[in-house]
> 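There's a structure below that I have some questions on.
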Amino acid sequence: MTTMTQRPARSSYDVVIIGGAVIGASVAWHLATSPDFTGTVLVIERDPSFKTSSTALSSSSIRVQFSHATNVAMSLHAGQVIADWPEVMGSGSDKPSLGYHPGGYLFLADTPAQEAELRANHAVQRAVGADVSLWSPEELGAAFPHLHTTDIRLASYGHSGEGWFDSAMMMQGYRARARDNGAELLTGEVTGLTRTGHRITHVALASGETIAAGHVVNASGPRAALTAHMAGLHIPVEPRKRTSFVFDCAQSPEGSAKVNAGRLPLMIDPSGIYVRPEGRYFLTGCAPPVDTAADFDDFEPRHQDFEEIIWPALAARSTAFEALKVVNCWAGHYAMNTLDHNLVVGPSEEVENFHFANGFSGHGLQQAPAVGRGLAELITHGRYTSLDLAPMGYARIAAAARQLETAVI
């Protein structure tokens with residue numbers, strides 16, 4: 001684990017990042033390794049164990065099948081980052097791998113509305129360059145013989161750029177290399193921000209210390225609204241609990257696919273339930289029937305969801321999923337943007353040096369590389385120089401103008 005200091009080395013930093021999981025770590029690394037940035041960076045993390053962070057508790061997946069073009073582009077960039085990771089993050093003979101599993105995603109539609117959505121999303125995805133196909137029920141059944149397809153109208157399958165990987169390795173890699181390049185990692189809890197006019201001038205810690213800041217980045221995950229409130233701003237982000245279940249399958253269908261060397265994808269059933277291979281087991285989950293804000297400290301799994309919701313749907317979709325046994329489960333939090341399910345990135349006009357990196361709604365891990373790069377560009381150059389993330393800016397929050405993402409799992 002990357003070492004964190006207990007006291008800041010200085011009283012002033014050019015950039016202070018609140019939150020040290022994968023989003024904050026990516027921002028720090030991109031700043032620290034940019035040849036055009038010569039300032040100082042401090043990353044403040046309240047819980048260095050990360051045991052309840054969205055990064056650590058995520059399903060660690062990446063996909064290009066979104067409805068918004070910016071999200072597709074961010075995932076395409078993340079796919080290249082994952083491929084280049086050993087070389088970019090390596091040193092000498094040490095070539096760290098993120099353990100990428102190219103499984104693909106498979107979305108199923110069984111209503112006219114779902115079919116129309118898949119077709120609309122497909123047009124967006126292809127326009128951005130995603131390697132995705134639409135399949136008829138017959139094509140779906142030929143590719144994945146274990147599935148029951150009589151109710152399916154259309155399927156969408158990602159041939160490349162989709163799968164799952166080691167989230168902890170990405171987070172710790174960004175953190176370690178950011179520190180190697182001069183960023184400072186601090187264990188502490190931010191309790192207040194001093195705002196003078198249109199700028200944040202100081203960050204207060206629970207320890208009683210006060211740190212001057214040129215820029216502040218809100219990378220607080222599900223607690224983003226609390227940090228924004230300290231700056232006198234509102235952001236519609238709240239924790240939504242998601243329970244993940246790992247189950248054993250008496251007759252595993254893994255290896256039976258007629259595509260991708262027999263590997264099964266992460267399948268999203270029309271019910272919204274997802275399932276994918278997880279080593280010799282399978283990983284599954286779904287949104288709860290009543291999806292409301294969770295307590296920040298509520299990580300109790302919803303055990304009833306498996307028996308009451310997930311197992312019946314999976315058994316109906318495949319005979320192979322009739323005999324299952326749960327071997328593990330846990331609950332994590334989405335940092336849900338309740339306005340439009342999309343990230344919020346960059347500053348507000350009201351507080352020009354307070355930057356958002358929030359509201360990822362379950363997509364933060366795969367969007368961390370693009371957001372880290374984008375914020376580093378904004379802070380260094382005052383504009384995006386690669387992928388334009390302006391559609392995901394704070395202005396739409398202030399105007400309540402949605403940039404809706406419909407493909408949320």
Side-chain angles (χ1 to χ4, degrees), residues 2 4-34 36-48 174-175 178-179 181-221 223-235 237 343-359 368 371-384 389 393-394 397:
T2 307
M4 296 182 75
T5 59
Q6 302 303 311
R7 293 180 60 86
R10 62 186 75 223
S11 60
S12 176
Y13 292 83
D14 293 293
V15 181
V16 174
I17 301 169
I18 304 172
V22 72
I23 302 297
S26 174
V27 176
W29 181 82
H30 280 89
L31 284 168
T33 58
S34 170
D36 298 320
F37 179 78
T38 58
T40 53
V41 178
L42 176 68
V43 182
I44 304 173
E45 170 54 45
R46 59 189 295 273
D47 179 15
Y174 274 140
R175 288 170 56 77
R179 188 172 185 272
N181 284 276
E184 186 178 335
L185 310 182
L186 174 71
T187 298
E189 183 169 2
V190 174
T191 56
L193 299 173
T194 301
R195 175 177 162 181
T196 302
H198 297 291
R199 295 186 64 84
I200 301 298
T201 60
H202 293 82
V203 177
L205 302 179
S207 64
E209 294 168 293
T210 301
I211 302 165
H215 294 267
V216 175
V217 176
N218 180 359
S220 304
R223 296 173 179 264
L226 301 181
T227 303
H229 182 72
M230 296 178 191
L233 298 169
H234 166 72
I235 187 170
V237 175
L343 73 149
V344 184
V345 62
S348 72
E349 293 182 1
E350 189 176 346
V351 187
E352 59 191 12
N353 69 331
F354 183 85
H355 302 269
F356 294 93
N358 309 115
V371 168
R373 181 183 65 175
L375 278 178
E377 292 168 354
L378 272 183
I379 291 171
T380 303
H381 303 288
R383 59 186 176 86
Y384 296 115
L389 299 180
Y394 184 77
I397 304 298

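Keep in mind that what you see is a predicted model, and the values were worked out from it rather than measured. Counting from 1, the numbers follow the sequence of the chain as shown.
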> How close do Ala357 and Val371 get, counting heavy atoms only, and between which atoms?
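Looking at all heavy atoms of both residues, the shortest contact is CB-CG1, 4.2 Å.
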> Report the C-alpha distance between Ile17 and Ile44 in whole Å, list the side-chain angles of each, state the deciding distance to 0.1 Å, and finish with yes or no for side chain to side chain contact (heavy atoms under 4.5 Å, CB included).
CA-CA 6 Å; Ile17 301 169; Ile44 304 173; over 6 Å; no
> NE2 of His198: more than 12 outside heavy atoms within 6.0 angstrom?
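Atom NE2 in His198 is not packed in, count stays at 12 or less.
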> Rounded to the nearest 0.5 Å, how far does CD1 of Ile211 lie from CG of Leu205?
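Going from CG on Leu205 over to CD1 on Ile211, the span is 4.5 Å.
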> Who passes side chain to side chain donor-acceptor pair (under 3.5 Å) against Asn358, sequence neighbours left out?
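Residues passing side chain to side chain donor-acceptor pair (under 3.5 Å) with Asn358: Asn218.
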> Please name the pair of heavy atoms, one in Gly214 and one in Asn353, separated by the smallest distance, quoted to 0.1 Å.
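Where Gly214 meets Asn353 most closely, the heavy atoms are O-ND2, 3.0 Å.
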> Taking the side chain as C-beta and beyond, is there a heavy-atom pair between Val41 and Tyr13 under 4.5 Å?
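No. Closest side-chain heavy atoms not under 4.5 Å.
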> Closest heavy-atom contact between Ala28 and Val43?
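Reported closest heavy-atom pair: CB-CG2, 3.6 Å.
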> Which salt bridge (charged side-chain N to carboxylate O under 4.0 Å, His left out) pairs, counting each pair once, include a residue from residues 223-232, with sequence neighbours left out?
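Found Arg223-Asp297.
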> Okay, side chain of Arg175, backbone of Ala25: is any donor-acceptor separation there less than 3.5 Å?
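No, Arg175 side chain to Ala25 backbone: no donor-acceptor pair under 3.5 Å.
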> Using the salt bridge (charged side-chain N to carboxylate O under 4.0 Å, His left out) rule, collect all pairs that involve residues 207-221, keeping only residues at least two apart or in two chains.
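Passing the test, one end in residues 207-221: Arg7-Glu209.
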> List in chain and number order the residues that pass side chain to side chain contact (heavy atoms under 4.5 Å, CB included) with Thr33, two or more places apart in sequence or in another chain; answer none if no residue qualifies.
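Side chain to side chain contact (heavy atoms under 4.5 Å, CB included) check on Thr33 returns Trp29, Asn181.
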> Roughly how far, to the nearest 0.5 Å, is the CZ atom of Phe37 from the OG1 atom of Thr380?
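Going from OG1 on Thr380 over to CZ on Phe37, the span is 6.0 Å.
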> Could you tell me which residues satisfy side chain to side chain donor-acceptor pair (under 3.5 Å) with His215, sequence neighbours excluded, listed by chain and number?
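With neighbours one apart ignored, the set is His355.
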> Could you pull out the closest heavy-atom pair between Leu378 and Gly346, with the gap in Å?
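Distance-wise, the nearest heavy atoms are CD1-CA, 4.0 Å.
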> How many angstroms lie between atom OG1 of Thr227 and atom CG of Leu193, to the nearest 0.5 angstrom?
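Going from the OG1 atom of Thr227 to the CG atom of Leu193 covers 7.5 Å.
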> Who are the side chain to side chain contact (heavy atoms under 4.5 Å, CB included) partners of Glu189, not counting sequence neighbours?
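Glu189: side chain to side chain contact (heavy atoms under 4.5 Å, CB included) contacts with Arg46, Ala206.
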> Nearest heavy-atom pair of Val216 and Ile18: which atoms, and what distance?
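Taking Val216 first and Ile18 second, the nearest heavy atoms are CG1-CD1, 3.7 Å.
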> Who passes side chain to side chain contact (heavy atoms under 4.5 Å, CB included) against Ser348, sequence neighbours left out?
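Leu233, Glu350, Val351, Phe356, Tyr394.
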> Is the closest side-chain heavy-atom distance between Leu42 and Val15 below 4.5 Å?
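When only atoms from C-beta onward are counted, Val15 and Leu42 do not touch, as no gap falls below 4.5 Å.
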> Quick one: does any side-chain atom of His30 pair with a main-chain N or O of Ser26 as donor and acceptor, under 3.5 Å?
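Looks like yes, one N/O pair under 3.5 Å.
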> Using the side chain to side chain donor-acceptor pair (under 3.5 Å) criterion, which residues pair with Asp14? Sequence neighbours excluded.
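For Asp14, the residues satisfying side chain to side chain donor-acceptor pair (under 3.5 Å) (neighbours in sequence not counted) are Thr40.
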> Starting at NE2 of His202, measure out to OG of Ser11 and round the result to the nearest 0.5 Å.
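Answer rounded to 0.5 Å: 8.0 Å.
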> Taking all non-hydrogen atoms of both residues, which atom of Ala228 and which atom of Phe354 are closest, and how far apart?
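Heavy atoms of Ala228 and Phe354 come nearest at CA-CZ, 4.0 Å.
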> State the CD-CG distance between Glu377 and Leu31, to the nearest 0.5 angstrom.
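Interatomic distance, Glu377 CD to Leu31 CG, rounded to 0.5 Å: 10.5 Å.
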> Glu352: which residues meet the side chain to side chain donor-acceptor pair (under 3.5 Å) condition with it, sequence neighbours left out?
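Residues passing side chain to side chain donor-acceptor pair (under 3.5 Å) with Glu352: Arg199.
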> Backbone N or O of Leu185 within a donor-acceptor pair of the Arg179 side chain at under 3.5 Å?
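A pair under 3.5 Å: no.
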